[in-house]
Amino acid sequence: MKSPTSWASSPARPFLCAATSPARSRSSSICSWMRGRASCPVSCAPAGSECVSRGARGASSTTPAPEGTGPVRLTFGGLCGWLAFARTLATVERMDSPVRVRFAPSPTGFFHIGSARTALFNWLFARHHGGTFILRIEDTDKERNSPEFLNLIYESLRWLGMDWDEGPFAGGDRGPYLQSERSPIYQAHLEQLKSAGRTYEKDGATFFRLEGERYTEFDTYLNAEVEKVRAAPVLIDDVIRGPVERAEERDFVLVRANGEPTFHFVNVVDDLTMGITHVIRGEDHLSNTSKHIELFRALGATPPRFAHLPLILKDPAAGKGKMSKRDKGALIEEYRQRHFLPAAVRNFIALLGWSPKNDQEVLDIGEIIERFRLEDIQKSPARFDEKKMAHINFEHLKALPIESYAWCARPVLTESGVLPESADETQLQQVLSLCQPKVDNLENLPSFSRYFFSDDYPEDPSVRERLLKKGEPKQLLDELIPALEELEPWTAPALDDAFAALAGKTNRKVHAWWPLCRFGVSGVGGGPDFLPMLEVLGKPTVVTRLRRFRDTL
RNA sequence: GUCCCGUUCGUCUAGCCCGGCCUAGGACACUGGGUUUUCAUCCCAGCGACAGGGGUUCGAAUCCCCUACGGGACGCCA
């Protein structure tokens with residue numbers, strides 16, 4: 001059963017065409033994930049399916065894609081490439097991978113960039129190997145859990161195009177996938193540890209008993225006399241870091257006095273019973289890993305492979321340490337609200353600690369999956385860079401076919417009141433084709449393009465002042481308006497000629513009228529390429545606005 | 001404090017495992033030029049790093065050790 005959302009509905013899908021270029025299909029790396037899906041490019045994005053990737057907020061994103069402009073169109077846009085790719089892959093023997101990974105968030109706060117990256121790396125690893133990506137909810141902390149946060153996890157994963165093969169909504173035969181529903185499983189494993197003599201009760205809680213010589217010591221950090229154990233060091237063969245040796249020195253709690261099992265215990269039991277083969281998580285868990293391996297062994301199981309991701313550090317200006325949910329730029333929800341492309345966010349997050357090793361930075365999801373290797377992940381922590389995020393977003397935006405671009409832009413424009421719901425698609429695309437190369441983020445599109453859709457737009461007073469101060473604006477407009485009025489046809493090249501002719505006649509430079517004219521029809525000093533802008537605006541609008549402007553002087 | 005991890009341009013990184021091709025490459029940012037003109041694009045150029053010290057070696061960013069610095073963990077949070 002497929003997960004609630006298919007990544008294939010991402011508007012960045014057309015990038016996949018690039019992934020199937022001759023240069024790329026020569027690649028020896030086989031993306032087994034593609035194998036399983038390339039055969040049904042269309043069914044991955046059912047007609048009229050909701051595209052959460054579009055960036056609309058929450059439930060308001062339920063508008064199905066208009067016929068021919070939504071995911072279906074996108075899918076067909078890349079269909080030729082898909083088929084070529086499928087053909088390449090068809091020659092490869094299909095084999096199900098034993099890889100099983102999980103993302104195990106706890107619904108105790110907003111979904112932040114570190115979680116997103118952990119999820120993404122797990123997902124990428126699974127997809128690269130054709131394995132299984134499991135979503136498990138670690139909701140053992142009844143005090144801090146909240147349904148809103150839980151929902152946000154689902155929404156965010158869907159928005160980023162990470163589909164899960166097992167978990168809530170998706171089902172699976174190793175469930176349940178909410179820890180709060182797994183008590184009997186924990187109970188059974190607790191019994192197993194009990195009968196193996198590896199537990200004891202103290203202060204109402206159940207402790208795990210380490211093996212080794214015992215002694216008591218005053219611990220300066222805990223500021224107390226504590227019992228310690230000289231346990232044999234545990235070897236963690238970390239995929240990213242190599243061998244790490246660490247010895248546990250204190251027994252730890254498995255079940256709290258209130259009867260709730262602890263993170264360490266449920267985490268291990270779940271990874272064990274869910275058949276997790278690779279645990280990919282943040283480096284902050286590295287020193288927990290020795291506990292976990294001790295538990296796996298005590299349960300008579302072979303631990304999975306571990307891969308500890310470097311942390312994302314906060315901007316030094318914001319203080320020291322790892323990035324927290326409170327830091328600027330930390331929340332996935334923020335990118336969604338600001339209309340970033342999920343494909344770009346995903347691309348950027350992947351680059352935090354991972355690199356394709358070929359100087360390529362703007363990658364579509366197919367390329368990332370194909371190239372992704374845990375071994376290539378950086379050991380040192382990364383720092384989040386907003387500017388780079390914006391840049392990657394812009395690159396993705398520019399690479400979209402205009403149909404896809406319009407499909408992403410339309411809701412942004414209508415929500416901001418700039419575009420009427422009923423706006424004509426062709427006209428919209430005309431305007432957007434002028435904006436696309438210039439606007440680095442969809443959130444800036446309304447202010448950039450407002451005057452294309454309405455005569456009611458603000459004027460930038462500082463630009464007005466600057467323009468009126470120099471030269472003779474009235475004179476210039478009196479020359480320009482008649483020339484434009486009689487221009488036929490109204491096209492960019494014709495306009496170009498008209499300006500040239502006017503320049504010859506008046507002995508001015510060709511660009512003498514441009515800034516004034518731009519301001520007169522748009523109210524701002526910058527914008528899309530000038531001549532095409534006039535063309536799209538149309539003669540009646542341009543002339544009327546110019547006259548109106550002339551009258552205010 | 002104890003244990004663990006890390007350290008290439010301001011930032012993300014390539015190179016490191018398998019020493020010479022590295023006068024260390026790319027990208028973002030920044031600075032300066034250019035452009036269908038001075039603020040949302042684009043083009044060109046510039047700036048800019050192997051943390052420090054010892055080894056090993058003919059030769060080290062690459063291997064070893066020490067120091068410094070950064071980070072993480074040390075909860076009946078996850």
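Because the structure is predicted, anything quoted here is derived from the model rather than measured. Throughout, protein chains are lettered first and strands after them, A, B, ... in sequence-line order, and every chain is numbered starting at 1.
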**OP:** Return the nucleotide paired to B/G75: Watson-Crick means purine N1 to pyrimidine N3 with N6-O4 or O6-N4, wobble means G-U with N1-O2 and O6-N3, both under 3.5 Å.
**Re:** none
Original post:
Of all the nucleotides listed (B/U7, B/A27, B/A78), which has the minimum atom distance to the side chain of A/Glu361?
Top reply: B/A27
Original post:
Expressed in angstrom and rounded to an integer, what is the separation of A/Asp385 atom CG from B/A27 atom C1'?
Top reply: 11 Å
Subject >> No-H, no-angle donor-acceptor pair, A/Lys388 side chain to B/A29 base, under 3.5 Å >> reply: no
**OP:** Identify which nucleotide among B/G75, B/C39, B/U37 has an atom closest to any side-chain atom of A/Val463, counting heavy atoms from C-beta outward.
**Re:** B/C39
Subject >> Candidates B/C39, B/G71, B/C42 - which lies nearest the side chain of A/Asp460 >> reply: B/C39
Original post:
Is there aromatic stacking of A/Tyr221 against B/U2, centre distance under 5.5 Å, plane angle under 30°?
Top reply: no
Subject >> Plane angle bin for A/Phe348 and A/Phe384 - parallel if under 30°, tilted between 30 and 60°, otherwise perpendicular >> reply: perpendicular
Original post:
Just by distance, with hydrogens left out, do A/Thr216 and A/Glu227 show a side-chain donor and acceptor under 3.5 Å apart?
Top reply: no
Subject >> Watson-Crick or G-U wobble mate for B/C9, both contacts under 3.5 Å >> reply: none
Subject >> Closest listed nucleotide, where the reference is the side chain of A/Pro515 and the choices are B/C42, B/U37, B/A78 >> reply: B/U37
Original post:
Nearest of B/C76, B/G72, B/U11 to any side-chain atom of A/Lys322?
Top reply: B/G72
Original post:
For B/U37, which nucleotide is its Watson-Crick or G-U wobble mate, given both distances must be under 3.5 Å?
Top reply: none
Original post:
Do we see a donor-acceptor contact under 3.5 Å between the side chains of A/Glu260 and A/Thr140?
Top reply: no
**OP:** Choose from B/A78, B/C12, B/G72 the nucleotide whose nearest atom is closest to any side-chain atom of A/Leu311.
**Re:** B/G72
Original post:
Which nucleotide sits closest to the side chain of A/Ser287: B/A78, B/G72, B/C42?
Top reply: B/G72
Original post:
At under 4.0 Å, does any side-chain N or O of A/Lys357 touch on OP1 or OP2 of B/G15?
Top reply: yes
**OP:** Take A/Leu351 and A/Phe252, find for each the nucleotide of RNA chain B with the closest heavy atom, and name the residue whose nucleotide sits nearer the 5' end.
**Re:** A/Leu351
Original post:
Hey, is the side chain of A/Arg241 poking within less than 4.0 Å of OP1 or OP2 on B/C4, counting only N and O atoms?
Top reply: no
**OP:** Evaluate the ring planes of A/Phe499 and A/Trp513, with Trp represented by its six-membered ring, and classify them as parallel (under 30°), tilted (30 to 60°) or perpendicular (over 60°).
**Re:** tilted
Original post:
For B/G6, does OP1 or OP2 lie under 4.0 Å from any side-chain N or O of A/Gln378?
Top reply: no
**OP:** Verify the contact: side-chain N or O of A/His391 to OP1 or OP2 of B/C28, cut-off strictly under 4.0 Å; return yes or no.
**Re:** yes
**OP:** Kindly assign one of parallel, tilted or perpendicular to the pair A/Trp354 and A/Phe372, based on the angle between their ring planes and the thresholds 30° and 60°.
**Re:** tilted
**OP:** Write down the partner of B/C47 under the Watson-Crick or G-U wobble criteria, each distance required to be under 3.5 Å.
**Re:** none
Subject >> Minimum-distance nucleotide to A/Asn444 side chain [options: B/U36, B/G1, B/A40] >> reply: B/A40
